[in-house]
Every structure is written in structure tokens, then in C-alpha cells.
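I have placed the structure first, in the form of C-alpha cells, so that the comments after it can refer back to it.
Note: hydrogens, waters and symmetry copies are ignored here, and every other heavy atom, side chains too, is used.
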Amino acid sequence: SGGVEVVGGASRVRLIKRTVAKTMGMPLDEPKAHNLQTSVNADECVAKGCALCCAMVSPLFRVQEYSVKDRVVLPVRLRWGPVGKVSATPKDAEGDEEEKQAVMVFPAGSPMPNQQRVTFR
């Protein structure tokens with residue numbers, strides 16, 4: 001059976017563990033850290049991930065398939081205009097005119113890696 005390994009300092013925080021377990025559909029069990037694994041440090045995690053990826057593409061090794069699904073957490077929006085005129089907020093005094101000079105490149109939750117072509121006219 002598969003498990004979930006959480007890596008990094010923030011993964012030790014109870015709220016993070018609870019949120020990850022809830023998102024992954026795992027049972028919420030506070031005394032058992034919600035059944036999340038924390039046995040690998042960040043350096044080992046990268047090394048083991050690289051070794052597994054290499055073994056999966058090699059004809060010499062047979063390993064169980066796994067997948068990693070990265071997502072964009074926050075939306076990525078591209079806005080342009082004259083210097084000093086582009087505001088940090090989506091809408092300002094110009095309203096619709098400013099919205100014509102903006103495009104949502106990657107909405108929150110988009111799969112990564114990904115690419116998007118933007119054409120300026």
C-alpha cells in the first residue's frame with residue numbers, strides 16, 4: 001500500500017499535517033500524526049526521487065510506478081502597461097481598460113510543469 005511522505009520543517013506543524021491528510025483522504029488520527037511519514041530528510045528525498053525516476057526509465061530495473069503531481073498554488077497573472085501606471089490590484093480607476101492589459105497565465109490549481117504562450121497585439 002502507498003503512503004505519503006512529508007518533507008521539510010513546515011511539515012512538522014500539526015495544522016499542516018492535518019491539512020495534508022485531509023486533502024489526501026487519509027484518516028485524521030492526531031496521535032499517529034495522521035499516518036503521514038516523516039522519516040526522510042529533504043536531501044535524502046531529492047536523492048531517492050532521482051534514483052527512482054532513473055530506475056523507472058531504465059530497462060535494467062523493475063520498480064513500482066508512481067507519479068508526482070505538481071500544481072500551481074497561487075494564480076499567475078501577467079499585466080502590462082505604461083511604467084508607473086500598472087497597479088497591484090486587479091481593478092483600479094480605469095476599470096475595464098486596465099483589464100484589457102492583463103491575462104491569467106496559470107489559474108490556481110493548474111498542473112505544473114506547464115507552458116503558456118502569450119501574444120501581445
Problem - Residues clustering with Val73 (ILVMFWY side chains joined when closer than 4.5 Å, directly or via others) - result: Leu74
Handout entry: Members besides Val7 in its Ile/Leu/Val/Met/Phe/Trp/Tyr cluster (side-chain heavy atoms under 4.5 Å)
Key = none
Handout entry: Under the side-chain contact (heavy atoms from CB on, under 4.5 Å) test, residues paired with Leu78 that sit two or more places apart
Key = Trp80, Val103, Val105, Val118, Phe120
Handout entry: Transitive ILVMFWY cluster of Phe61, excluding itself - 4.5 Å side-chain cut-off
Key = Leu60
Exercise for the section: Please identify each residue that fulfils side chain to side chain donor-acceptor pair (under 3.5 Å) with Asn41, with sequence neighbours left out. Expected result: Glu44
Handout entry: Nearest-0.5 Å distance, CE of residue Met56 to CD of residue Gln64
Key = 9.5 Å
Handout entry: ILVMFWY cluster, Leu36 and Ile16 together (side-chain gap under 4.5 Å)
Key = yes
Practice task
Take Val57 and Cys53 through the side chain to side chain contact (heavy atoms under 4.5 Å, CB included) test and state the conclusion after the steps.
Solution key: CA-CA 7 Å; Val57 298; Cys53 285; over 6 Å; no
Handout entry: Set of residues satisfying salt bridge (Lys or Arg N to Asp or Glu O under 4.0 Å) with respect to Arg62, sequence neighbours excluded
Key = none
Handout entry: With Met112 via side-chain contact (heavy atoms from CB on, under 4.5 Å) - residues at least two apart
Key = Asp70, Val72, Asn114
Fill in the blank from the handout: Shortest non-hydrogen pair, Arg71 vs Gly109, comes out as CD-O, 3.1 Å
